[in-house]
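To keep things clear, I will list the structure first and then write my remarks on it.
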Amino acid sequence: MEMQSWTRNVRKVIPYTPGEQPKVKNIIKLNTNENPYPPSPLVGKAISEVSMDSLRKYPDPACVNLVQAIADYHKKDSSRVFVGVGSDDVLAMSFLTFFNSDKPVLFPDITYSFYDVWADLFRIPYVQKPLDDSFKIKASDYEEECGGIVIPNPNAPTGVAEPVEFFEKIVAAHPECVVIIDEAYVDFGSKSCIDLTDKYDNVLVVRTFSKSRAMAGNRIGYAIGSPELIKYLSDCKFSFNSYTMDTITLAAGVASIADDEYFKEKIDAVIATREWTKEQLSSLGFTFPDSMSNFIFAKHESVNAVFIFEELKKRGIFVRHFSKPERIADYLRISIGTDEEMQRLIKNIKEILGVK
Ligand SMILES: *Cc1c(COP(=O)(O)O)cnc(C)c1O
């Protein structure tokens, strides 16, 4: 009898492709929605104060100090906070914990491109609901009975935000499943759905320190939900890896939360630069959905996106281009950098377009 190859029993997946992290110096990096400003100086201080001796020991598996800091910041009980290694970890754990139905999980067709990867990894059935022509989520697409719902607000890569009432209707209509709202970019000017977690036990709001808190390198994400949801999530985490977050990162996270003044100042700076960039891009013939995030998803009226992408790259400016789905192939996602970086971006785009 012929033996089957072991490859038959392998879990085969197509992985998520993260944005490029070029090794070359002196580039302008506007391709992964990182914050152009460093984290609060208190973060550096906290990291330098972690004693070498403390690294002998395992970190706190319950991450009590960070959980408490986040709970206090949002004025919620600590039993309602879960933390993880970036929101990717929190989201993956949430998919594993909550999406166990035979019915499909629903999410938009144009959205964070990790959702379908996790669904495939965990063998969760899913249906992608097309955004309308102005890249808005159609509420009517989320009425059917389903195995779960996940939507970013604002959505990525479009930057379009919906009001809390929009999500409340969806959450209230789905007691049979968990609704995850991914608020990776909410700090840049849209309204949070966190207070829905006071009223509904089936909604989980996921946040990250990577964008608004300028700590993508630390990997801190968290979720807020009912104590029951958080308990289920913790049970799965402790069945997988007890020590997700390291001692240094836990200290850094607490310090970031402590410096609210710095946080707000830098958010305001990014928002002001975003609004300036919108005006400039408009005047150069770009159109884009109105972004409430730290990026702009823009299409030029006549010049091909890949051409602009390549020309910018030659000039040391990295933006992001998605070739799929096809209807976004004409768009570039441009993260908001410092004023100086955005001025250089605009100057270079003018050269590429041949505009004086
Ligand atoms: C960046 C991003 C994340 C992941 O953030 P990390 O906390 O760095 O893992 C999650 N969701 C969306 C929509 C994002 O854009």
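Counting convention: from 1, in listed order, for ligands and their atoms alike. Because the structure is a prediction, the values reported are computed rather than measured. Numbers here simply count residues along the sequence, with the first being 1.
- In A184, the part holding a heavy atom less than 4.0 Å from any atom of ligand 1 is the side chain.
- In this structure, K299 forms no cation-pi arrangement with F297, as its terminal cationic atom is not both closer than 6.0 Å to the ring centre and no more than 45° off the ring axis.
- In terms of polar-atom proximity, defined here as any N/O pair under 3.5 Å, R219 does make such a contact with ligand 1.
- Relative orientation of the H321 and F309 rings is tilted, given thresholds of 30° and 60° on the angle between their planes.
- Of all the heavy atoms of Y185, the ones lying under 4.0 Å from any atom of ligand 1 belong exclusively to the side chain.
- Nearest protein heavy-atom contact of atom 5 (O) of ligand 1 is S87 OG, 3.1 Å.
- Aromatic ring centroids of Y243 and Y58 lie under 6.0 Å apart.
- When side chains are defined from C-beta on, F263 does not count as touching I257, because their heavy atoms never get closer than 4.5 Å.
- For atom 12 (C) of ligand 1, the closest non-hydrogen atom of the protein is D182 OD2, 3.4 Å.
- Without hydrogens or angle criteria, K266 side chain to A214 main chain gives no donor-acceptor distance under 3.5 Å.
- At the top of the distance list for atom 14 (C) of ligand 1, counting protein heavy atoms only, stands K211 NZ, 3.1 Å.
- Taking the six-membered ring where tryptophan is involved, the planes of Y115 and F107 are perpendicular, since the angle between them exceeds 60° and thus also 30°.
- Protein heavy atom in closest approach to atom 8 (O) of ligand 1: S210 OG, 2.6 Å.
- Contact atoms of ligand 1 toward G86: 7 (O), 9 (O) (distance under 4.0 Å to a heavy atom of the residue).
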